[in-house]
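So you know, we letter chains A, B, ... as the sequences are listed, proteins then strands, and number each from 1. On a predicted model such as this, the values are computed, not experimentally measured, just so you know.
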Amino acid sequence: MTARTDALLEGLNPPQRQAVQCVEGPLLIVAGPGSGKTRVITHRIAYLNQQVGISPWRIAAVTFTNRAAREMRGRLAVLMGDGAQRLTAGTFHALCASVLRRDGEAIGIPRDYVIMDDDDQMNLIKQCMEQLQLDPKRFPPRSVLSAISRAKSQLLGPEAVAARADGPYDRLIAQVFAAYQAALGRSHGVDFDDLLSRTVELFRRAPEVLGRWQERFIHFMVDEFQDTNTAQYEIARLFAGKHRNLAVVGDPDQSIYSWRNADIRNILSFKKDYPDATIVSLSQNYRSTRTILQAAQHVIRANSQRIEQELFTENGDGAPIRIADTYSEEEEAQQVIREAQRLISEEGVQLRDCVVTYRVNAQSRALEEACLRYGVPYKIVGGVRFYQRREVKDLIAYLRLIENPFDEVSLTRVINVPARGIGKRTVDELLELANLRGIPPYTVLQMLADDPEYPTPFDARQRRQLTGFLSLLNGLSSLKPEMELPQLVDEVLEQSGLRSAIRDSDDPDAEDRLENLREMRGLSAEFAGAPAEESLPAFLERVALVSDQDSLQDDEEQYLTLITLHQIKGLEYPVVFITGMEEGVLPHMRSIDDPEQLEEERRIAYVGMTRARDRLYLFRSLRRRMFGSFGASRRSRFLKDIPLDLIEAGERGQRHGNGAMGSMERGPSLIGADDGALPQSPPFKAGEKVMHPVFGLGIVVDCSPRPGDYELTVAFPGNQGVKRILHSYGKLERVQRS
DNA sequence: GGTTTAGATGTTTTT
DNA sequence: CATCTAAACC
């Protein structure tokens with residue numbers, strides 16, 4: 001064994017070594033959280049390169065997000081230098097996009113195809129349903145879309161859906177499905193599911209293409225295997241069909257994407273399809289304290305559909321888990337921030353070591369406000385994504401039209417943006433005409449312009465506007481070969497009037513929106529150096545597939561990360577705050593009465609808990625602003641599964657408490673807090689002035705007893721109104737009468 | 001055809 | 001409660 005190899009294997013435990021050194025045949029790695037799975041993958045790639053002499057170019061590593069791929073490349077660069085750049089690393093979607101770009105013509109996918117996002121999908125579905133005269137009230141387009149999407153990820157076409165139809169609803173779905181696929185075809189569009197299913201189709205129908213790709217990748221690896229769907233499983237199987245070196249890594253307990261048709265059974269299928277597979281189980285956790293790991297284990301063990309995997313750690317016990325009840329969402333956010341600040345000032349923690357994670361994006365709002373109030377720098381991961389913003393989508397639509405004028409979705413999106421006198425009626429008539437003649441709307445426009453006698457329902461004014469739009473489009477397209485992408489973007493913004501329309505509008509966000517457009521232009525600058533003709537498709541693909549625009553970089557910057565529990569998968573932080581540990585939030589209301597979905601919610605909680613290295617905080621708010629209703633929420637059932645001895649002493653009593661609430665913070669950091677002792681006599685009288693850390697000065701209106709506590713009704717000035725606050729909450733401070 | 005307003009409506013997670 | 005939609009107005 002060479003010295004380099006020794007270095008590679010050093011510090012790995014026996015199962016990790018086995019996984020790294022297993023260089024032939026199928027391999028299934030069942031890896032618990034924090035078991036060094038990423039390390040095993042990167043070391044395995046380096047090992048294949050250094051020990052077996054396989055070029056990274058002949059290895060594919062499929063990850064779940066582009067961010068994970070980038071991180072993998074970074075780690076590999078440390079292990080093996082620049083060679084790592086040649087590794088094919090990315091998502092299934094990105095890999096398939098490049099396969100289709102290269103070879104898709106074999107099954108009739110045009111070279112200028114554009115990738116449709118979920119918004120585009122929804123628009124097309126609605127349009128199809130309108131044509132089929134289906135009432136969107138009776139058949140919500142969302143559920144129609146999700147049925148179609150499910151069929152696609154199971155590799156079923158419209159015919160297959162029709163054939164298996166069980167009842168009129170299924171037949172209807174099949175009908176919309178067929179119309180939708182036809183519309184996609186007309187638009188030269190490919191949606192996210194198509195990227196996968198059409199790649200399978202390509203491989204099945206064009207054996208010579210399949211053969212080439214099978215030859216190319218000697219090794220094929222899939223991370224987060226528990227979150228693959230049927231189509232992805234099939235793609236992996238096809239890619240690895242020749243060399244049979246398929247390595248998959250997954251943890252059934254961390255499967256949280258079944259709603260995207262991920263299928264945990266793929267792990268079982270793998271064992272069946274590859275009976276000769278080496279199976280390695282990584283069960284030592286290097287990440288978390290023993291306390292955190294045990295708590296997480298207790299939570300996940302309550303799932304019934306599960307293969308028990310005993311995890312262990314040699315790490316120390318660490319700090320107990322802290323569970324905090326707060327009264328409102330604002331209090332919750334405030335306490336998270338204050339505790340983070342306390343850790344920073346007293347425990348030597350850095351801000352970037354902390355993360356706040358939650359079930360739904362909407363929860364980030366209160367946290368964001370608290371950050372602003374306390375001057376804590378923060379970054380929200382995901383949320384309203386950059387590429388989803390209106391002005392950005394408009395610009396992309398123009399660019400897509402330049403690349404592919406047949407794109408109906410983009411055409412209808414921007415034909416009247418900015419307003420240029422082409423109203424809904426005109427657009428409807430245009431679409432109907434196109435439909436009638438069986439030609440794309442763009443071609444109709446073209447004929448309209450070429451032949452003044454072309455019979456249409458349009459009057460002279462409409463005609464003028466339509467042909468005006470057409471010449472704008474054609475003018476921009478003609479610039480494509482002679483310009484670089486950033487210049488082309490400028491031309492689009494100028495000639496279309498997008499920029500001036502925003503500048504001249506009285507929209508208060510106008511400046512933000514212009515900034516977004518500038519950012520897009522900046523992004524396009526990465527693709528400079530070649531005529532737009534060549535760089536535009538790459539740019540559009542990037543924009544469609546890479547969502548983590550604001551990437552989590554390992555820079556020196558100090559900020560607090562706010563992120564959903566779904567997106568935090570695969571990451572780790574010394575300090576983790578999970579907010580919204582309530583029935584209805586986690587587990588989410590929509591999952592609560594379905595046992596299977598409930599198990600997934602539990603896995604989501606498990607994923608969140610196991611992100612923590614040293615400290616784990618679980619927050620719960622009694623009341624939460626959720627679509628109007630303010631009902632008191634109950635503590636998440638998942639909290640009950642954490643053994644008492646792992647929880648900070650102060651919080652234990654509340655576990656099965658009688659509704660009394662206490663404050664998590666009892667230290668000096670809490671303004672006006674006493675030690676939380678329950679009041680024996682009314683603490684305040686009506687008419688007294690009090691100070692609240694958030695709402696400011698207020699007047700007590702009422703003070704009435706509650707079991708073990710007092711509820712205060714306090715009026716605050718301005719539009720803050722009257723609040724009810726529990727006294728044990730300790731936030732109110734008496735103001736001396738002057 | 002465009003703009004403003006009131007009203008309804010529908011609420012998870014993302015490549 | 002915030003965002004989208006439809007209808008009334010310009």
Rounded distance in Å - [atom1] ([X]) to [atom2] ([N]):
X        : N      : atom1 : atom2 : answer
A/His588 : B/dG10 : NE2   : C1'   : 12 Å
A/Lys152 : B/dT14 : NZ    : P     : 21 Å
A/Arg365 : C/dT3  : CZ    : C1'   : 11 Å
A/Arg359 : B/dT14 : CZ    : P     : 9 Å
A/Glu224 : B/dT13 : CD    : P     : 19 Å
A/Glu596 : B/dT12 : CD    : P     : 20 Å
A/Gln121 : B/dT15 : CD    : C1'   : 11 Å
A/Glu429 : B/dG1  : CD    : C1'   : 13 Å

5′-ward residue of the pair A/Gly421/A/Trp259 relative to DNA chain B: A/Gly421
DNA chain B nearest-nucleotide lookup for A/Glu600 and A/Ile422: closer to the 5′ end is A/Ile422
Which nucleotide in the set [options] lies at the smallest distance from any side-chain heavy atom of [X]?
X        : options                : answer
A/Arg142 : B/dT11, B/dT14, B/dG1  : B/dT11
A/Gln597 : B/dT15, B/dT14, B/dT12 : B/dT12
A/Thr426 : B/dT12, B/dT15, B/dG1  : B/dG1
A/Arg260 : B/dT13, B/dT15, B/dT12 : B/dT15
A/Arg461 : B/dT11, B/dT3, B/dG1   : B/dG1
A/His93  : B/dT15, B/dT13, B/dT12 : B/dT15
A/Arg425 : B/dG1, B/dT15, B/dT12  : B/dG1

Ring centres under 6.0 Å, that's the criterion: do A/Phe64 and A/Tyr257 meet it? yes
Aromatic centroids of A/Phe239 and A/Phe203 separated by under 6.0 Å: yes
So A/Asn416, base contact, sugar-phosphate only, or nothing? Heavy-atom distance under 4.0 Å. sugar-phosphate
Classify A/Ile256 by what it touches in the nucleic acid, base, sugar-phosphate, or nothing, heavy-atom distance under 4.0 Å. nothing
Face-to-face contact [X] to [N] six-ring, under 5.5 Å, under 30°:
X        : N      : value
A/His566 : B/dT13 : no
A/Tyr257 : B/dT13 : no
A/Phe92  : B/dT15 : no

Can you check side chain to side chain donor-acceptor pair (under 3.5 Å) on A/Gln154 and A/Thr230, steps first, answer last? CA-CA 5 Å; A/Gln154 289 167 1; A/Thr230 306; 5.4 Å; no
Could you give the distance separating C/dA6 and B/dT11 at their P atoms, to the nearest angstrom? 15 Å
Taking atom C1' in both B/dT12 and C/dT5, compute the distance separating them and give it to the nearest angstrom. 23 Å
Could you list the residues that satisfy ring-ring contact (aromatic ring centres under 6.0 Å, His included) with A/Phe458, not counting sequence neighbours? none
Kindly write out the residues that satisfy ring-ring contact (aromatic ring centres under 6.0 Å, His included) with A/Tyr378, not counting sequence neighbours, or none if the list is empty. none
Tightest non-hydrogen contact, residues A/Tyr398 and A/Val414, listed as OH-O, 3.4 Å
Looking only at heavy atoms, the pair that brings A/Leu565 and A/Ile604 closest together is CB-CG2, 3.6 Å
Just to confirm, is there a sub-4.0 Å distance from OP1 or OP2 of [N] to any side-chain nitrogen or oxygen of [X]?
X        : N      : result
A/Asn66  : B/dT15 : no
A/Gln567 : B/dT14 : yes
A/Ser591 : B/dT12 : no

Under 3.5 Å: donor-acceptor pair, side chain of A/Arg101, backbone of A/Tyr113: yes
Base-pair string, DNA chain B, Watson-Crick plus G-U, cut-off 3.5 Å on both distances, | for inter-strand, is ||||||||||.....
Check this for me: A/Arg306, atom CZ, are more than 12 non-hydrogen atoms of other residues, nucleotides or ligands nearer than 6.0 Å? yes
